[in-house]
Chemist: 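Would you mind keeping the following structure in view while I ask a few things?
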Amino acid sequence: MSKIQKIKGFSDLFSPESDQFQFLEQTARDVFSRYGCRELRTPIIEKTNLFARSIGEETDVVQKEMYTFPDRKGRSLTLRPEATAGVLRAYIENKLYAREPLQKLFTCGPMFRYERPQKGRMRQFHQINVEVLGTDAPQADAEVLLMLWTFLQSTGLKGLAIELNSLGCAECRPVFHDALRSFLDSLDTDRLCDDCKRRKDTNPLRVLDCKVPACKEMTKDAPCISDHLCPECREHFAAVREVLDQAELPYTLNPRLVRGLDYYQRTTFEIVSGDIGSQSAVAGGGRYDGLIEKLGGPKLPGIGFACGMERLALLLPEQEEPHLDFYLAVLDDSALNTSLILAQHLRDKGFTGEVGFETKSVKAQLRQANRKQAKTCLLLGTEEMDKGQILVKDMATGAQQSVSQDDLEQALGLQ
RNA sequence: GUGGGUGUAGCUCAGUUGGUAGAGCUCCUGGUUGUGGCCCAGGUGGCCGCGCGUUCAAGUCGCGUCACUCACCCCA
């Protein structure tokens, strides 16, 4: 029979790595809850048009990266490629805004995009996500960034940088777009790279982001979004930066920072690392005023971010294997059941430990205890049972003592 | 979607001009009748990714295919 293997771009997550994921989620939960964020869990499948409408029909994500399929009655469903759309849908559908428009929501879980896998990019990947809905106060933008940065600091990660930009709003962005377009048209387009020739029409902002030196050189005098912001957006962005400066958040302005999803407006940001390969963004987000309305909700603003857990995990040190308080070596079959019950009592008292299910040689079981980094090895056989005693061996010193079961708890506690 | 690299033991990798498959680590057993790590001895473990071709003979050469991986693109 041929072996069945996992599908491309999906992965089985085993212990050291799954521990990292757990650590990241737990840290996020702890930090975000201090800001009043509540956890929300939404389905990983939604109706396709939710994503088409929010992310944008023309984006690469919607055009060629979604896992879209008909259900048994022919309705088009999609594995979520990002979290914001689902969270907003839930916010609107459950009328959370009716009781309290301002909602701080945290969610995490798997996302799906059909892309060619590479370092830091899987088809099933995991994100930690925060949305702050119902306010356009610049202080909310600042708080979201502080929340994200505090979370990242709490994970102990180093070498991360914050890039910040404002993309303008529905008023000023089109003006900038026109200015950019006419600038690009004025260039000797033959000298642009093939991608930029295409991007010039499909996604002009991306041209500013091109890594090809020739393109960089040609666009160095391109119009800058910051010079085209309308007074309101300019004021909003300045207010955001004022709080960030007061909080001494270490960010750099990047007027060429672009977002891949259409819904972003005004404040946008990205956290980048130089240590994880070419997929260097570990988190990204921004404001999306107008999106809630676009999804059939009230006219309320929002801002949020997503963190790539795989990318963060690449930067995390390996977690240490958890140590055992005891490993119980069973010397005779007749001691097996007693051993298991004894271990169960110890676990009830809060000790961590394992029992050797198979009565292999003492040598083999001690080797096992050593491998599992147990603090102690308990040895139980017929001899010990007759005396109502159990042998406790300290694995670090090799010292060994015979204690009654009543004293065992204390003996372990002293280790 | 495009390009590069790599597929040999559980892991990391050798393998000569084509000639019957190797090491280190891991694991198991023993050296020590019921005592771990270090050391020593032995052992388990392979459709050499898969298929086709060339050849007396293919891990090795050719073609195809699949998988993994890095990069472009895109993005968290």
Side-chain angles (χ1 to χ4, degrees), chain A residues 2-3 5-11 24 55 59-66 80-84 108-130 148 152 193-196 198-199 202-203 206 209-212 257-261 264 268-273 276-286 304-314 327 329-332 335 356 358-384 391-400:
Chain A
S2 60
K3 265 183 285 187
Q5 45 194 12
K6 64 184 179 295
I7 43 188
K8 187 199 280 289
F10 289 64
S11 61
L24 288 172
I55 298 170
T59 57
D60 275 17
V61 171
V62 170
Q63 289 277 311
K64 44 192 183 191
E65 293 175 1
M66 295 207 301
R80 64 182 182 191
E82 57 105 42
T84 303
C108 63
M111 311 291 158
F112 304 84
R113 291 183 201 175
Y114 193 95
E115 299 182 275
R116 192 79 170 262
Q118 71 183 75
K119 189 174 185 182
R121 189 172 79 184
M122 298 294 279
R123 289 182 176 180
Q124 176 178 334
F125 59 104
H126 297 78
Q127 286 187 338
I128 290 172
N129 205 264
V130 167
L148 172 56
L152 293 170
C193 72
D194 288 345
D195 285 320
C196 281
R198 173 177 53 79
R199 283 192 279 233
T202 58
N203 198 350
R206 280 276 169 209
D209 213 25
C210 185
K211 296 177 192 85
V212 177
L257 177 67
V258 179
R259 306 272 67 217
L261 313 181
Y264 285 110
T268 54
F269 50 87
E270 207 165 274
I271 312 291
V272 295
S273 161
I276 53 173
S278 75
Q279 305 296 312
S280 59
V282 299
F305 64 78
C307 252
M309 293 181 69
E310 281 80 358
R311 291 180 189 183
L312 290 178
L314 285 173
Y327 184 87
V330 187
L331 306 182
D332 305 284
E358 284 164 34
T359 55
K360 288 188 279 197
S361 69
V362 179
K363 182 177 183 159
Q365 296 196 72
L366 270 164
R367 210 172 13 235
Q368 187 76 356
N370 188 57
R371 203 181 300 145
K372 301 228 178 205
Q373 304 198 59
K375 287 187 208 145
T376 61
C377 187
L378 313 181
L379 298 103
L380 187 62
T382 46
E383 263 178 56
E384 287 73 21
L391 275 176
V392 180
K393 184 184 177 84
D394 182 308
M395 292 300 284
T397 64
Q400 196 165 300

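So that the names make sense, note that chain A is the first sequence line, chain B the second, and so on, each numbered from 1. Side chains included, hydrogens not; waters and symmetry mates left out as well; all remaining heavy atoms used.
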Chemist: If I pick the C1' atom on rU12(B) and the same atom on rU26(B), what distance separates them, to the nearest angstrom?
Modeler: 11 Å
Chemist: Under 4.0 angstrom, heavy atoms only, what part of the nucleic acid is Gly398(A) near: base, sugar-phosphate, or nothing?
Modeler: base
Chemist: Indicate, with a heavy-atom threshold strictly under 4.0 Å, whether Ala281(A) touches base, sugar-phosphate, or nothing.
Modeler: sugar-phosphate
Chemist: Please report the distance, rounded to the nearest Å, between CG in Leu379(A) and P in rG34(B).
Modeler: 12 Å
Chemist: Using a 4.0 Å heavy-atom cut-off across all strands, classify Gly381(A) as base, sugar-phosphate, or nothing.
Modeler: nothing
Chemist: Describe the nucleic acid contact of Phe305(A) in one word from base, sugar-phosphate, nothing, applying a heavy-atom distance below 4.0 Å.
Modeler: nothing
Chemist: Is any side-chain nitrogen or oxygen of Arg367(A) closer than 4.0 Å to OP1 or OP2 of rU35(B)?
Modeler: no
Chemist: Find the distance Asn370(A):CG to rC28(B):P and express it as a whole number of Å.
Modeler: 12 Å
Chemist: What integer distance in Å separates Arg116(A):CZ from rC72(B):P?
Modeler: 13 Å
Chemist: Considering all heavy atoms of both residues, which atom of Gly286(A) and which atom of Tyr264(A) are nearest to each other, and what is their separation?
Modeler: N-CE2, 3.3 Å
Chemist: For rC25(B) versus rU20(B), give the span between their C1' atoms, rounded off to a whole number of Å.
Modeler: 27 Å
Chemist: Return yes if some donor-acceptor pair links the side-chain N/O of Gln365(A) with the main-chain N/O of Val330(A) below 3.5 Å, else return no.
Modeler: yes
Chemist: Whole angstroms only, please: what is the OH-C1' distance between Tyr327(A) and rU35(B)?
Modeler: 14 Å
Chemist: When we call it a touch if two heavy atoms are under 4.0 Å apart, what does Gln5(A) touch: a base, just sugar-phosphate, or nothing?
Modeler: sugar-phosphate
Chemist: Between rG19(B) and rC27(B), how far apart are the C1' atoms? Round to whole Å, please.
Modeler: 33 Å
Chemist: OP1 or OP2 of rC74(B) versus the side-chain N and O atoms of Arg199(A): is any pair under 4.0 Å?
Modeler: yes
Chemist: Could you tell me how far rU60(B) sits from rG49(B) if I compare only their C1' atoms? Round to whole Å.
Modeler: 16 Å
Chemist: Given that both distances must come in under 3.5 Å, which nucleotide forms a Watson-Crick or G-U wobble pair with rU2(B)?
Modeler: rA71(B)
Chemist: Is it the case that the base of rG31(B) and the side chain of Lys363(A) share a donor-acceptor contact (distance under 3.5 Å, atom types as modelled)?
Modeler: yes
Chemist: Between Ser278(A) and rC72(B), is there a contact of a side-chain N or O with OP1 or OP2 at under 4.0 Å?
Modeler: yes
Chemist: Taking rC48(B) as the reference, what is the distance to rA21(B) when you measure between their P atoms (whole Å, please)?
Modeler: 10 Å
Chemist: Can you measure Met66(A) atom CE to rC74(B) atom C1' for me and round it to whole angstrom units?
Modeler: 15 Å
Chemist: Could you tell me whether Arg121(A) contacts a base, only the sugar-phosphate backbone, or nothing, with contacts defined as non-hydrogen atoms closer than 4.0 Å?
Modeler: base
Chemist: Is there side-chain contact between Leu148(A) and Phe269(A), with heavy atoms separated by less than 4.5 Å?
Modeler: yes
Chemist: Write down the distance between CD (Glu358(A)) and P (rC27(B)), rounded to a whole number of angstrom.
Modeler: 17 Å
Chemist: Do Glu384(A) side-chain and rG34(B) base share a donor-acceptor contact under 3.5 Å?
Modeler: yes
Chemist: Rounded to the nearest angstrom, tell me the gap between atom CG in Leu257(A) and atom P in rA76(B).
Modeler: 10 Å
Chemist: Base of rU35(B), side chain of Gln400(A) - is there a donor-acceptor contact under 3.5 Å?
Modeler: yes
Chemist: Say we look at rG46(B) and rG10(B): how far apart would their P atoms be, to the nearest angstrom?
Modeler: 7 Å
Chemist: Is Leu312(A) touching bases, backbone alone, or none of the nucleic acid, heavy atoms closer than 4.0 Å?
Modeler: nothing
Chemist: Does Gly308(A) or Pro117(A) map to a spot on RNA chain B nearer the 5' end, using the closest nucleotide for each?
Modeler: Pro117(A)
Chemist: Over all strands shown, is Lys64(A) touching base, sugar-phosphate only, or nothing at heavy-atom distances under 4.0 angstrom?
Modeler: nothing
Chemist: If you compare all heavy atoms of Leu24(A) against all heavy atoms of Ile128(A), which two are closest, and at what distance to 0.1 Å?
Modeler: O-CD1, 3.9 Å
Chemist: With rounding to whole Å, what would you report as the distance between rU69(B) and rG31(B) at their C1' atoms?
Modeler: 45 Å
Chemist: Would you state whether a donor and an acceptor, one from the side chain of Gln118(A) and one from the base of rC68(B), lie under 3.5 Å apart?
Modeler: no
Chemist: It should be established whether Lys8(A) places a side-chain nitrogen or oxygen under 4.0 Å from OP1 or OP2 of nucleotide rC68(B).
Modeler: yes
Chemist: By the 4.0 Å heavy-atom rule, please label Arg311(A) as base, sugar-phosphate, or nothing.
Modeler: base
Chemist: Between rC11(B) and rU16(B), how far apart are the P atoms? Round to whole Å, please.
Modeler: 22 Å
Chemist: Which sits closer to the 5' end of RNA chain B, Ala374(A) or Cys307(A), going by the nucleotide each is nearest to?
Modeler: Ala374(A)
Chemist: Roughly how many Å is it from CZ in Arg123(A) to C1' in rA67(B), rounded to a whole number?
Modeler: 13 Å
